Amino acid sequence: MMTMLPIEHVRQSLTQSPRIVEGLIAAAPAGSLDWRETAGAWTPVEVLAHLADGEITDWMPRVERILAGGGRFAPYDREGGFTRYRGWSAEGLVGEFGQLRRANLEKLDRLALTAPHLRLTGEHPEFGTVTLEQLLATWAAHDMAHVVQLSRIFTRAFGRHVGPWRRYFSTLEQWEPHD
């Protein structure tokens with residue numbers, strides 16, 4: 001049997017994510033915040049809108065649903081933040097994400113979750129029964145996946161100009177630049 005994911009590891013990761021995202025945005029190459037690495041891919045600003053929106057409509061509502069006895073989660077509109085945050089700057093979205101995350105971490109702390117809480121379940125509209133442990137792990141993994149996505153976008157934004165060094169970057173090897 002697998003050991004339970006320590007809640008403090010999830011909390012530590014969730015605490016650091018806004019800082020990591022803020023650093024990536026601050027280091028972004030000029031013109032890359034609204035740039036799409038491929039047709040239909042999200043821009044960094046859209047990624048930020050998605051992250052901020054998830055803090056309002058996804059993670060904590062699902063945690064609270066599980067702790068209230070379970071039941072079916074409301075479906076999550078992955079692109080809902082595009083509408084909610086239309087016209088926002090990257091800097092504004094970074095601040096919003098950080099503020100919303102701090103508020104959610106305060107709520108999480110007040111819940112004083114223990115190992116037995118992690119076994120409680122809710123019903124995901126696509127996956128069926130999921131545990132609180134799985135939800136919390138997904139929240140942290142989701143953040144890191146978007147950190148990777150932002151890093152890849154910015155690597156490719158610079159990578160359009162690296163010339164022969166391209167072969168040394170795995171994130172550039174299978175990617176065809178477009179403008």
Side-chain angles (χ1 to χ4, degrees), residues 2-3 5-6 8-60 62 75-102 104-105 124-127 130 133-179:
M2 287 183 26
T3 59
L5 175 69
E8 60 273 8
H9 291 174
V10 171
R11 192 192 186 292
Q12 182 179 20
S13 182
L14 294 176
T15 299
Q16 294 304 317
S17 297
R19 292 181 188 130
I20 295 166
V21 168
E22 180 179 20
L24 287 171
I25 297 302
S32 65
L33 295 173
D34 292 311
W35 182 69
R36 293 183 199 286
E37 61 183 321
T38 60
W42 290 359
T43 67
V45 168
E46 289 170 336
V47 171
L48 294 171
H50 167 78
L51 286 168
D53 187 63
E55 294 299 305
I56 297 168
T57 62
D58 190 9
W59 305 111
M60 281 309 294
R62 290 178 174 191
Y76 176 61
D77 179 358
R78 294 176 59 243
E79 295 182 353
F82 298 2
T83 301
R84 179 186 300 272
Y85 292 110
R86 182 172 285 123
W88 282 54
S89 69
E91 295 77 17
L93 286 164
V94 166
E96 174 83 346
F97 174 50
Q99 179 183 347
L100 292 168
R101 176 57 58 84
R102 282 187 297 280
N104 279 339
L105 288 170
H124 187 279
E126 182 180 352
F127 307 127
V130 296
E133 177 185 31
Q134 292 167 332
L135 177 65
L136 293 174
T138 301
W139 192 0
H142 176 266
D143 278 4
M144 290 302 112
H146 285 300
V147 165
V148 169
Q149 179 184 25
L150 290 169
S151 297
R152 186 187 67 236
I153 293 168
F154 299 143
T155 299
R156 288 177 173 177
F158 278 123
R160 296 179 292 170
H161 309 284
V162 300
W165 282 277
R166 179 183 172 109
R167 70 181 188 162
Y168 293 117
F169 294 90
S170 62
T171 56
L172 300 178
E173 284 180 330
Q174 301 299 319
W175 171 72
E176 288 303 319
H178 78 287
D179 280 313

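The model shown is predicted, which means the values in this text are computed figures rather than measured ones. Along the sequence shown, the residues carry numbers beginning at 1.
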Which atom pair, heavy atoms only, marks the closest approach of [X] to [Y]?
| X | Y | value |
| --- | --- | --- |
| A90 | L33 | CB-CD1, 3.7 Å |
| D143 | S17 | OD2-OG, 2.7 Å |
| A41 | E46 | O-OE1, 4.1 Å |
| W42 | R78 | CH2-O, 3.7 Å |
| Q16 | R19 | NE2-NH1, 2.7 Å |
| P44 | I153 | CG-CG2, 3.7 Å |

Spell out, as yes or no, whether a donor-acceptor pair under 3.5 Å connects the side chain of R160 to the backbone of A157. yes
Backbone of V148 reached by a side-chain donor or acceptor of R152 within 3.5 Å: no
With distance as the sole criterion, is a donor-acceptor pair present between the side chains of H146 and Q149 under 3.5 Å?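 Present: a donor and an acceptor within the cut-off.
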Would you call [X] and [Y] a side-chain contact if the rule is heavy atoms closer than 4.5 Å?
| X | Y | answer |
| --- | --- | --- |
| E55 | Q99 | no |
| S151 | L24 | yes |
| Y76 | D53 | yes |
| H50 | H142 | yes |
| Q134 | F127 | no |
| F154 | I25 | yes |
| V147 | V21 | yes |
| R101 | L51 | no |

Which residues pass the ring pair (Phe, Tyr, Trp, His ring centres under 6.0 Å) test with F169, sequence neighbours left out?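 Counting only residues at least two positions away or on another chain, F169 forms no ring pair (Phe, Tyr, Trp, His ring centres under 6.0 Å).
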Which residues satisfy the ring pair (Phe, Tyr, Trp, His ring centres under 6.0 Å) test with Y85, sequence neighbours excluded? W88
[X] side, atom [atom1]; [Y] side, atom [atom2] - distance, nearest 0.5 Å:
| X | Y | atom1 | atom2 | answer |
| --- | --- | --- | --- | --- |
| R156 | R166 | CZ | CZ | 8.5 Å |
| E96 | E91 | CD | CD | 14.0 Å |
| T43 | F82 | OG1 | CZ | 7.0 Å |
| L100 | L105 | CG | CG | 11.0 Å |
| S13 | I20 | OG | CD1 | 7.0 Å |
| I56 | N104 | CD1 | CG | 9.0 Å |

Q12 atom CD, over 12 foreign heavy atoms within 6.0 Å: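 No.
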What residue among L135, V130, T138 forms side chain to side chain contact (heavy atoms under 4.5 Å, CB included) with R62? L135
